[in-house]
Structure formats: C-alpha cells, structure tokens
There are 2 protein chains.
Amino acid sequence: MLKLSRLTDYAAVVMAQIARHSQASHAAAELAEAVQLPHPTVSKTLKMLVRAGLLVSQRGAQGGYRLARPASQITAADIIAAIEGPVAMTECSQAEGDCELVATCGVADNWQRVSLAMRTLLESVTLAHLADTAPIKLPVQLPIQTISLSAASA
Amino acid sequence: MLKLSRLTDYAAVVMAQIARHSQASHAAAELAEAVQLPHPTVSKTLKMLVRAGLLVSQRGAQGGYRLARPASQITAADIIAAIEGPVAMTECSQAEGDCELVATCGVADNWQRVSLAMRTLLESVTLAHLADTAPIKLPVQLPIQTISLSAASA
DNA sequence: TTTATACAGGACTAAAATGGTACTCAATTG
DNA sequence: CAATTGAGTACCATTTTAGTCCTGTATAAA
C-alpha cells in the first residue's frame, strides 16, 4: 500500500497537536490524552522526534516538548524520516546500494527518479499545512518536472 | 522508509523484462533466470500480476506470460497496487475509513491530499518508462498542483 | 535539600506482515 | 497420452512493528 507505519502516523498527529499550541511545553501524558493514544507509545514517538531534531525536550517539573523550529520549517518528509528513516522506494535508492542485482535489474535508475520526485513532494508539505484544519492551500510550484522528469529530457 | 516491499520491486523488474520483449511469451522459469531471482517467488509475483489484470497467462507447452496491454498503458501505480493493494498513505485514506481517532486526529484531510498527489505521480510513470534503460524523459505535465494543492486555494 | 515531575534509554514481548517453499491440480500442445 | 507450464493453496521462517516496562537522570518548586 505504500503506507506510512502507524508510528509515523502518530508522530504526525502529535506534531500537529504541538504545532497548534506552539507557545507552551507539552508533557507526554498530556499529548497522549489529547490525541487518545497510549502514553508509552506516544512517549516513544516523541523521543524519536527529539533524536531527529524536530522537537526539543525539557526535563523536570513544567517540562515537556516543544517544536525545535517553526512549523513552517518542518516538512512531512522530516517527520517520516524521523520515524522510518530516509524516504526511499527501493533498497538500491538508499545510500548503501548493496543490491546484487544491479546487472539484471534494469529499472533502478528510473525508480530513483520516481523516488526523488516523491521525496520532493513530501518536502513541499509542511507541518504548518498538516496542522491546519483547512485544506492545504499552497500556491507552491512543485518542482517535480524539473527534478526527475526532464532530467535528461530529449 | 516509505519503501516498496521486495515483492513489488521484483514485480517491477519482471514486468520490465517482459516489456522489453513483449512479442514473445515468457515462462516463469525463464524470467526467474533472466532476473536472477528464485523461481517460486517470481512465480508467485506473476500470479499476482495476472490477477490484477496486468499480465495474461497461457498454460501448457509454449505457454507463459504476456502483457495484458501495451507497456505505455501500465503504470507504476498499477504494479504497486497489484502487489500491495491500493496506494494510500494512512489507514484512513483507504476505502473503509475505520479509524476511530478521526475526532482527535486533525490531519486526516491533508494526509489524503498528499496521498492523492503521490498516487497521481505514480500513475504518471508507465512501465514503458521503467523498462527503458534511458532516464525517464516524460514531457508530462504533472497535474499535482491542480489536484491537491490548489484544491481550496486562497 | 528534598520531593515531585517528567524525559532518556534500553530490554523485552507479542503480534503481524513478509518472504519464501512445497505440493497438488488443471490446461495446453503435439 | 506425455510433457510442459501455469493455478491454487497451505505452510513455515524470518523480520518488522508495536507496545510495555523498568531504571536512571535532570529540573523546578517548596
């Protein structure tokens, strides 16, 4: 299905929740309550987001989590990467291309172009968009054509 | 990683192999040999592709698999859907939206827009592109902006 | 300084998806 | 009929995913 993992989904929801009240610090328990998910799971997700540099944490009483930077500067690709690792459609489109089938494959290059286009799409969607209850209304010029499809055009 | 499953990857490679010699019928064993993958696995993949209507099969001696329609009319989204089911990024962007968290979620709509944009992207890449050893050189106008991003613009 | 709060890190387990195999049946050709 | 080749099904092993728990550590407030 080319689906996000459930944790990634949670991460997006939690991030959106924080983004909607970005002044305050949010404790894990409070967030879990707000989004109606089990505390430990939310906690785990939050830790991953901190490690990825999307959130900052403050220990102790009155502590909690806050966005590391404005919601408009955090992308869907960032959130996905924080939980699942870098966006890549196939083994071989990752850094360590240790696929032994390169010789017989014959589609690797083109998959990588598609992969890149998808990544670009996900980078064009920010947390600010996701958190907004209104539909995404970017007047963005998606550079899709530029990137992959005209890479070696005629 | 938002990665394709390995079987989907195999499917793409096998489809590309068939597409490059689309006149002949191809036995499962022959294809497995050509792409250097285990026979039973390739066989399984082929059956899924037949069930999805992307290949047609012919039993008996001299039988094998052929494309059900021209490579230019088979999309990456078709191949992915054949193996993994419909492209959808989250539970709730599928047909049976049985997610109980709709109330507290607050990002569902926007995820769906992103999901739709990705699907459109994948539909714009055909098997003919994938099978071509040259880079994709579509002069395609990707309708991404149209679909999701300006859906409710301004 | 004590205490309550709240995050950090890691170990562990249960469940599910994935990938791969084997075996039997059905159809076609010659 | 015999050889070939796909169809269908059931099964198993592995990996991934999700979720829990426990112990440690930093911070703030009383």
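Heavy atoms only: backbone and side chains are in, while hydrogens, waters and symmetry mates are out. Below, read A as the first sequence line, B as the second, and so on, with proteins coming before strands; counting in each chain starts at 1.
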Give every donor-acceptor pair under 3.5 Å between a side-chain atom in residues 38-48 of chain B and any protein atom, sequence neighbours left out.
from    : atom 1 : to      : atom 2 : distance (Å)
B:Thr45 : OG1    : B:Thr41 : O      : 2.8

Show me the donor-acceptor pairs within less than 3.5 Å that the side chains of residues 18-25 of chain B make with the rest of the protein, sequence neighbours left out.
from    : atom 1 : to       : atom 2 : distance (Å)
B:Arg20 : NE     : B:Ala131 : O      : 2.9
B:Arg20 : NH2    : A:Gly106 : O      : 3.1
B:Arg20 : NH2    : B:Ala131 : O      : 3.4
B:Ser25 : OG     : B:Arg66  : NE     : 3.1

First and last nt of DNA chain D near chain B, cut-off under 4.0 Å to heavy atoms, 5' to 3', are D:dT4 to D:dG8
Roughly how far, to the nearest 0.5 Å, is the CE atom of B:Met15 from the CD1 atom of B:Ile79? 4.5 Å
Decide if atom CD of A:Gln36 counts as having more than 12 heavy atoms of other residues, nucleotides or ligands within a radius under 6.0 Å. yes
Only counting residues at least two apart or in another chain, list the ones meeting side-chain contact (heavy atoms from CB on, under 4.5 Å) with B:Ser57. B:Val50, B:Tyr65
Under 6.0 Å from the CD atom of A:Gln73, do we count more than 12 heavy atoms belonging to anything else shown? yes
Under the side-chain contact (heavy atoms from CB on, under 4.5 Å) test, residues paired with B:Arg59 that sit two or more places apart: none
Reading nucleotides 2-20 of chain C from the 5' end, what letters show protein touch, with B for base, S for backbone sugar-phosphate only, - for no heavy atom under 4.0 Å? ---BSBSB---------BB
